[in-house]
Number of protein chains: 2
Amino acid sequence: MSNAYNRPDQLSPELRRRVLETARRLGYPGPDPVARSLRTRKAGAVGLLLTENLSYAFRDPAAVGFLEGLALACEDAGQGLLLVPANPEREDVAAVHRAGVDGFVVYSVPDDDPHLAAVLERPVPTVLCDQPDLEDVDRVGIDDRAAMTELARHLIELGHRRVGVVCMRLARDRNDGYVSHERQQSARFHVQRSRLAGLAQAFTEAGVDWQDVPVVERFDHTIASGASAAAQVLERDPRITALICTSDILALGALAEADRRGLRVPQDLTVTGFDGIREAEQSGLTTVRQPVLEKGRAAGKLLLDSAERTRPRSVTLATELIRGTTAAPPRSAADERWFGP
Amino acid sequence: MSNAYNRPDQLSPELRRRVLETARRLGYPGPDPVARSLRTRKAGAVGLLLTENLSYAFRDPAAVGFLEGLALACEDAGQGLLLVPANPEREDVAAVHRAGVDGFVVYSVPDDDPHLAAVLERPVPTVLCDQPDLEDVDRVGIDDRAAMTELARHLIELGHRRVGVVCMRLARDRNDGYVSHERQQSARFHVQRSRLAGLAQAFTEAGVDWQDVPVVERFDHTIASGASAAAQVLERDPRITALICTSDILALGALAEADRRGLRVPQDLTVTGFDGIREAEQSGLTTVRQPVLEKGRAAGKLLLDSAERTRPRSVTLATELIRGTTAAPPRSAADERWFGP
DNA sequence: ATGAAAGCGCTAACAG
DNA sequence: CTGTTAGCGCTTTCAT
């Protein structure tokens with residue numbers, strides 16, 4: 001009987017037809033997928049863990065791009081994609097335990113996230129995205145630090161020395177405001193930590209004392225947050241010539257805030273982002289483009305090609321500095337050029 | 001032992017701690033979620049079926065909004081969200097059979113979709129979205145027909161009588177071109193069928209012979225498709241004063257095509273959409289806004305509140321006509337006003 | 001408080 | 001080609 005459903009070749013088409021019809025007549029709804037999974041040890045689905053509320057994944061363009069790539073990979077393999085609810089506010093790890101999946105993709109969670117720990121305890125393959133290397137776990141990501149260093153050098157070349165930074169959440173606790181040097185270095189989000197480190201390195205090399213550079217953090221990753229953070233930086237130090245944001249979303253907010261203050265970009269203020277989302281491209285934002293879709297697809301492939309036993313594997317994708325229209329030499333530098341030092 | 005994991009209250013904390021520690025030391029990875037699901041008859045996840053390739057869900061803003069709402073509802077209930085791969089090109093229904101879920105949400109698939117049939121055969125609750133009423137199945141949607149009639153009347157009031165229509169896929173087969181009257185009426189996608197019917201009704205009432213109105217269909221739902229469809233309509237009948245698109249995405253393409261041809265909107269050509277996505281709002285598109293997020297959330301709630309036994313339940317959400325800047329009286333009508341009839 | 005045992009529905013292996 | 005059976009890992013019930 002099981003054969004009628006799963007091995008059409010093992011019996012005559014006629015018999016198969018008869019069996020199936022009888023089954024239907026008896027009200028048999030077809031094999032129970034859960035029982036089958038238990039027996040075959042295959043769930044037919046990939047689990048996705050992300051740090052934010054589930055719905056956030058659909059609000060952030062970068063996350064959407066990642067999901068699209070991951071979905072593509074799952075689709076090719078005929079696998080489902082299970083979004084695992086992991087509320088960062090609560091510590092409810094149960095959802096991770098209950099997920100019937102053949103493997104996990106973990107997308108940009110803090111190092112100390114209990115959900116991540118729960119995933120790693122499960123005896124299924126896992127791919128980490130935008131995380132530091134972890135022993136025995138596959139990884140895909142970009143070189144956040146190098147990319148940010150390149151962007152910083154671009155600004156330095158333009159003449160910027162007095163800059164401010166707006167960054168995303170650095171740890172699980174909410175800290176909407178200035179970031180101490182210590183907090184920067186101990187940030188739990190690998191991506192943010194690396195980007196800040198890249199900035200610090202480039203500016204230190206250029207003779208700027210990084211301790212003097214104001215860095216403002218926002219817990220919520222929204223355009224409004226970017227705007228308010230930009231306001232906070234500009235309030236404290238109006239002489240800043242460039243506002244470096246660690247994401248395009250935040251940069252979009254900074255642009256809005258600059259506009260609100262009557263500051264022309266890039267003449268009065270340079271603004272930069274990170275990610276290369278479509279909305280940023282449309283604004284002409286100077287930013288770093290990273291291949292979010294490819295990242296998702298690579299993560300999925302890595303997970304589903306677990307045939308290769310050469311674990312752990314690590315994939316680092318290339319980024320590209322986008323010289324948009326929101327970065328230019330600072331006013332003072334331009335003036336110096338005209339009037340001499 | 002099972003109690004240690006699931007009933008912390010049934011035994012002393014001390015014992016629980018000891019049991020768990022011993023288990024860990026023995027390399028026990030925690031209860032197997034699939035086996036648990038089999039036993040408890042709960043998968044802890046909601047399945048989502050959509051007609052398109054899985055990754056499409058992340059490219060269409062309306063679908064993303066719906067997903068966000070659905071994810072919100074799942075999150076609240078601590079349920080996972082399983083995206084079921086259902087390639088519309090293939091007839092591979094297996095993924096539906098294999099999905100370990102407690103219920104399905106079906107989002108805008110054609111009436112005759114085999115995946116939909118497979119879902120309905122499964123003995124789990126189901127919520128249909130943007131589908132015609134089906135006996136014994138919960139439903140959530142909008143009144144597509146009435147909304148489109150309202151939009152059409154708005155155009156008629158402005159003076160438009162010679163219009164063209166660009167619509168989405170009407171059935172599972174690809175038909176990039178003109179749509180016969182017969183195909184319009186037998187369209188397998190409830191949403192498109194209703195919207196066309198709403199248009200036909202309004203224009204017929206206004207004395208326009210609907211048979212004369214060119215309707216062009218596109219299989220792919222992209223801005224490029226909208227542009228090429230618009231071109232096709234304008235090519236055949238340059239005297240058209242308004243281009244009615246059954247989605248904002250298509251309308252965005254139509255706007256681009258109008259621009260390419262040097263037609264000013266709305267002076268030379270009126271263009272309208274449907275859905276009310278953010279990109280449309282930014283373009284000032286005249287359209288119908290529907291609450292996509294609410295639709296997703298309502299679908300999730302309906303599914304998860306299966307406590308209420310008064311099935312089938314039906315939820316119809318309100319829509320709103322958005323009078324944007326892409327609709328105005330047609331040239332001829334305006335001329336008549338200036339120079340007299 | 002603890003241990004033993006039944007059985008969820010299926011598939012794979014094997015016997016007829 | 002067909003029928004039978006063991007057991008996947010868990011939870012629940014019942015007995016100790």
Side-chain angles (χ1 to χ4, degrees), chain A residues 1-45 47 78-80 82 84 93-104 118-119 121-125, chain B residues 1-45 47 78-80 82 84 93-104 118-119 121-125:
Chain A
M1 149 89 179
S2 167
N3 283 337
Y5 282 92
N6 303 316
R7 308 279 187 82
D9 48 312
Q10 293 288 303
L11 32 63
S12 65
E14 163 56 15
L15 174 65
R16 176 179 149 85
R17 197 192 54 70
R18 232 177 51 225
V19 170
L20 258 45
E21 190 186 314
T22 308
R24 167 148 326 168
R25 195 161 41 70
L26 261 40
Y28 176 70
D32 180 303
V34 175
R36 168 189 282 164
S37 284
L38 176 59
R39 186 59 235 251
T40 60
R41 319 259 51 192
K42 277 187 175 348
Q79 298 286 299
L82 179 69
V84 178
V93 171
V96 173
H97 289 141
R98 298 163 59 127
V101 297
D102 300 322
F104 280 97
V119 164
E121 269 173 19
R122 292 230 359 213
V124 294
Chain B
M1 147 91 179
S2 167
N3 284 337
Y5 282 94
N6 304 316
R7 308 277 189 81
D9 47 312
Q10 293 288 302
L11 30 63
S12 65
E14 163 55 16
L15 174 65
R16 176 180 148 84
R17 197 193 55 70
R18 232 179 50 224
V19 170
L20 258 43
E21 191 188 313
T22 309
R24 168 148 325 169
R25 196 161 40 70
L26 261 41
Y28 176 70
D32 179 304
V34 175
R36 168 188 283 165
S37 284
L38 175 58
R39 186 60 234 251
T40 61
R41 320 258 51 192
K42 277 188 174 346
Q79 298 286 298
L82 179 68
V84 178
V93 170
V96 173
H97 289 141
R98 299 160 71 108
V101 297
D102 300 322
F104 280 97
V119 164
E121 269 172 20
R122 293 230 357 213
V124 294

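Sequence lines set the chain letters: A, B, ... in the order given, protein chains first and strands last, and positions in each chain run from 1.
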By salt bridge (Lys or Arg N to Asp or Glu O under 4.0 Å) - contacts of A:Asp32 (at least two apart): B:Arg41
Point-to-point distance, once rounded to the nearest 0.5 Å, from CD of A:Glu21 to CG of A:Leu26: 11.5 Å
B:Arg122 (side chain) donor-acceptor with B:Ala99 (main chain) under 3.5 angstrom: yes
Nearest-Å distance for atom pair CZ/C1', residues B:Arg41 and C:dG7: 11 Å
Between C1' of D:dA6 and CG of A:Leu38, the distance in whole Å: 13 Å
What's touching nucleotides 10-14 of chain D from the protein side, N or O pairs under 3.5 Å?
residue : atom : partner : partner atom : Å
D:dC10  : OP1  : B:Tyr28 : OH           : 2.6
D:dC10  : OP1  : B:Asp32 : N            : 2.6
D:dT11  : OP1  : B:Asn6  : ND2          : 2.9
D:dT11  : OP1  : B:Arg36 : NE           : 2.7
D:dT11  : OP1  : B:Arg36 : NH2          : 3.3
D:dT11  : OP2  : B:Ser2  : OG           : 3.0
D:dT11  : OP2  : B:Asn6  : ND2          : 3.2
D:dT11  : O2   : B:Arg39 : NH1          : 2.3
D:dT12  : OP2  : B:Arg7  : NH2          : 3.4

Minimum side-chain heavy-atom gap A:Asp102-A:Val124 below 4.5 Å: no
Length of the CZ-P vector between B:Arg122 and C:dC10, whole Å: 11 Å
Euclidean distance, B:Lys42 NZ relative to B:Gln79 CD, rounded to 0.5 Å: 8.5 Å
